[in-house]
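A short write-up of the structure that comes next.
Below, read A as the first sequence line, B as the second, and so on, with proteins coming before strands; counting in each chain starts at 1. All figures in this text were calculated on a predicted structure; none of them were measured in a lab.
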Amino acid sequence: MKNQLQELIASCVERTYQISPLVTIERTDDNFGDFSTNVALRLSGELQEVAKTIAETIATEFNNSSKDFVASVAGPGFINIRVGDSLLQQTVSDIIEMKENYGTDILHSGKLIVVEYSDPNPFKVLHAGHLYTTLVGDTIARLLEITGAKVKRVNFGGDVGLHVARAMWGIINSLEGEYPEKLKDVAKADRATWMSNCYVQGNIAYEEDEVKKAEIVAINKKVYELHDTSDKSSDFAQIYWTCRQWSYDGFDQVYQALEVHGFDTYYPESMTVNIGKKIVEEGLMKGVFKKSEGAVVYDGEKDGLHTRVFITSEGLPTYETKDLGLAVVKWEDYKFDLSLMITGNDIIEYMKVVQAASKHFYPEITERTKHITHGLIKLPGGKKMSSRKGNVLLAEDILSAAKEAYNSQTSQVDQSAVLAAVKYSFLKSRIGGDIVYDPDESVNILGNSGPYLQYAHARACSIVSKAASLSSVDYELDSSERLLVRKLSMYPEVMRLAAAELMPHHLCSYLYELAQEFNSFYESNRVLGDSREAQRLTLVHAYTQVLKNGLSVLGIQAPEKM
RNA sequence: GCCCUGGUAGCUCAGCUGGAUAGAGCAGGAGACUUCUAAGCUCAAGGUCGCAGGUUCAAGUCCUGCCCGGGGCACCA
């Protein structure tokens with residue numbers, strides 16, 4: 001509708017003034033109309049004419065040529081446009097039938113997009129940051145899909161490297177030697193906790209004991225060798241592969257519990273490391289990389305970036321090199337139109353260096369790659385949330401805090417509402433900056449929360465379920481009906497905006513406003529038994545569909561009863 | 001020191017490519033209701049948009065400088 005209007009106005013301007021300026025259409029306050037445009041104000045300088053006069057000329061021309069819209073002039077020269085009721089109703093029925101394609105023509109139609117997110121490291125637990133990335137990535141992937149893209153979800157994790165060595169040290173220490181058969185003694189349910197405890201042990205050993213540190217460094221090399229020689233049978237290898245698998249299984253369990261979409265591909269670093277190394281070695285000869293203090297580095301300073309190490313003086317590749325290899329692997333697997341990586345904002349500068357280096361070898365891949373970042377999760381008032389695993393905030397800490405808060409506020413146990421609370425509170429803020437997660441606020445049914453939206457959906461469903469039948473009747477809209485329809489008609493615009501900017505919070509804001517609009521309607525208008533029942537039922541039905549649809553993009557269930 | 005981020009109501013946040021009176025929720029205040037889910041609704045109160053300049057018919061939004069918070073600056077990921 002917005003696009004249609006834009007073209008109409010543009011053609012009016014062209015007819016009257018023989019110029020084709022950029023026409024922008026905005027949603028406007030209901031007191032003014034449904035849409036407004038400031039073309040007249042912008043043209044006033046160029047045309048040497050008072051803006052208001054221009055606005056009136058355009059508005060008159062517009063009204064003569066359009067039946068579905070009515071334009072009027074206000075203020076210094078705004079043109080306000082009101083949409084005719086029948087068109088408005090048509091829009092809503094289009095949304096219900098999913099005819100409106102959310103602007104796929106200009107967005108992602110036919111594109112193959114690879115989205116990388118979550119990225120937990122095997123041998124370690126998921127912390128709060130992983131939870132955040134997972135939920136953001138899950139939603140962005142769905143936004144892309146709904147605007148026409150074919151999406152591949154990929155997950156990248158470090159199954160080699162110092163953190164693995166620390167964990168392996170702890171594991172072997174707990175097993176009192178390289179005895180893979182002893183792993184049977186660890187109960188299935190305890191695996192994640194056990195491994196994370198081993199990691200903590202290894203961590204302490206590395207920090208506090210020089211001898212143990214040396215052992216861990218040796219293990220680090222051993223893990224790389226194990227991959228290079230495809231060792232699956234040695235005692236050390238058996239322990240490694242078994243525990244690595246335990247990690248992946250554990251992650252899958254968390255994803256299932258979170259009700260997020262599964263991943264198409266799981267890229268372990270061991271798969272990308274040699275490819276990355278090859279590139280770096282080649283680059284060293286070409287002069288893209290250089291030797292410095294025994295290490296191979298990329299000098300980013302000439303591009304205003306940092307200098308970073310790609311291969312250490314020990315000869316081991318760093319994360320930089322693995323990421324370089326990952327880009328190639330993704331490309332070979334998918335030949336994508338666009339590749340998104342969603343991570344925390346602490347690696348912005350790091351990623352710029354990797355991208356700068358990558359550009360020397362694969363400019364076409366680099367151009368299609370985009371790094372999206374989010375901030376950290378903080379707790380309100382700087383207070384510490386107790387964690388069993390030390391000072392890091394874990395994903396499970398967040399979930400259990402939400403569960404507890406929900407339970408104490410409602411004295412109910414409702415996993416769907418708890419998930420809704422967590423997801424919505426993470427997604428409602430613009431991604432990029434840090435967010436403050438307050439478990440009490442997230443489950444607060446009284447406010448701008450996931451459970452509020454679920455409830456808003458359920459009570460509308462209750463009306464529909466009590467109705468004898470649904471039949472579409474077009475009366476003229478009364479004022480409160482019109483407000484609801486007007487809000488509903490914005491759905492495609494919001495979806496398009498959120499998908500174009502890759503910003504889920506736009507959708508959150510909209511759904512909340514929509515629910516408020518409905519609740520307000522609900523309070524002052526009877527549906528069942530009213531003389532306008534048929535008309536209103538259609539609207540309520542449309543509302544439940546839009547809300548349910550929007551929530552599903554956010555990964556939130558819309559139960560019909562609560 | 002350099003680079004990236006952010007600074008909007010007591011708290012947590014929106015504010016789309018500059019537009020008409022800066023919007024929500026929470027907390028605190030007031031109210032309506034014999035009715036389809038009150039986990040709701042209505043009203044009032046709450047703001048030098050970090051500070052100072054500049055550009056513009058118009059600046060929370062763009063430019064410059066400064067102040068404050070967070071992050072990053074080579075062998076960690």
Query raised in the report: For rG6(B), what is the paired nucleotide under Watson-Crick or G-U wobble rules, both distances under 3.5 Å?
Result: rC68(B)
Requested in this report: Just call it for Asn80(A): base, sugar-phosphate, or nothing, with non-hydrogen atoms closer than 4.0 Å on any strand.
Outcome: base
Report task. Sticking with atom P, work out how far rA24(B) lies from rA14(B), rounded to a whole angstrom. Result -> 16 Å
Query - Base-pairing mate for rG40(B) - Watson-Crick or G-U, with both contacts under 3.5 Å - result: none
Query raised in the report: Is the aromatic ring of Phe32(A) within stacking range of rA20(B), meaning centres under 5.5 angstrom and planes under 30 degrees?
Result: yes
**Report entry** Residues that Asp34(A) engages under side-chain hydrogen bond (donor to acceptor under 3.5 Å, both in side chains), provided they are two or more places apart
**Finding:** Arg482(A), Arg486(A)
Query - side-chain N/O Asn38(A) vs rG19(B) OP1/OP2, d < 4.0 Å - result: no
Query raised in the report: Within the structure, does a side-chain N or O atom of Tyr424(A) lie under 4.0 Å from either OP1 or OP2 of rU12(B)?
Result: no
Query raised in the report: Do any side-chain nitrogens or oxygens of Arg42(A) fall under 4.0 Å of OP1 or OP2 in rU56(B)?
Result: no
**Report entry** Residue whose closest nucleotide on RNA chain B lies nearer the 5' end, Leu528(A) versus Thr24(A)
**Finding:** Thr24(A)
Query - Centroid-centroid under 6.0 Å between His374(A) and Tyr117(A) rings - result: no
Query raised in the report: When the ring planes of Tyr510(A) and Tyr491(A) are compared, do they come out parallel, tilted or perpendicular, using 30° and 60° as the limits?
Result: tilted
Query raised in the report: Within less than 4.0 Å of OP1 or OP2 of rU42(B), is there a side-chain N or O belonging to Ser520(A)?
Result: yes
Query raised in the report: Does the side chain of Gln516(A) get closer than 4.0 angstrom to OP1 or OP2 of rG40(B) through an N or O atom?
Result: no
Query raised in the report: Reckon His505(A) has a side-chain N or O less than 4.0 Å from the OP1 or OP2 of rG15(B)?
Result: yes
Query raised in the report: Which of the following nucleotides, rC41(B), rA39(B), rG72(B), is nearest to the side chain of Thr410(A)?
Result: rA39(B)
Query raised in the report: For rC75(B), does either OP1 or OP2 sit under 4.0 Å from a side-chain N or O belonging to Tyr319(A)?
Result: no
Requested in this report: Could you measure between the two C1' atoms, the one in rG18(B) and the one in rC63(B), and give it in whole Å?
Outcome: 13 Å
Query raised in the report: Using purine N1 to pyrimidine N3 plus N6-O4 or O6-N4 for Watson-Crick, or N1-O2 and O6-N3 for G-U wobble, each under 3.5 Å, what pairs with rU34(B)?
Result: none
Query - Same-atom distance (C1') from rC43(B) to rC3(B), integer angstrom - result: 50 Å
**Report entry** Residue-phosphate contact under 4.0 Å: Ser462(A) side-chain N/O, rU37(B) OP1/OP2
**Finding:** yes
Query raised in the report: Which whole number of Å gives the distance between the C1' atom of rA77(B) and that of rU37(B)?
Result: 50 Å
Query raised in the report: Can you find a donor-acceptor pair, distance only, under 3.5 Å between Glu501(A) side chain and rC16(B) base?
Result: no
Requested in this report: For the side chain of Thr318(A), starting at C-beta, report the closest nucleotide among rU37(B), rA77(B), rA14(B).
Outcome: rA77(B)
Query raised in the report: So, Asn519(A) and Tyr452(A): side-chain donor and acceptor under 3.5 Å apart, yes or no?
Result: yes
Query raised in the report: So, is Lys466(A) close to the rU37(B) phosphate, meaning a side-chain N or O under 4.0 Å from OP1 or OP2?
Result: yes
Query - Spacing of Ser480(A) atom OG and Tyr522(A) atom OH [to the nearest 0.5 Å] - result: 14.5 Å
Query raised in the report: So does Arg459(A) get a side-chain nitrogen or oxygen closer than 4.0 Å to the phosphate oxygens (OP1/OP2) of rA38(B)?
Result: yes
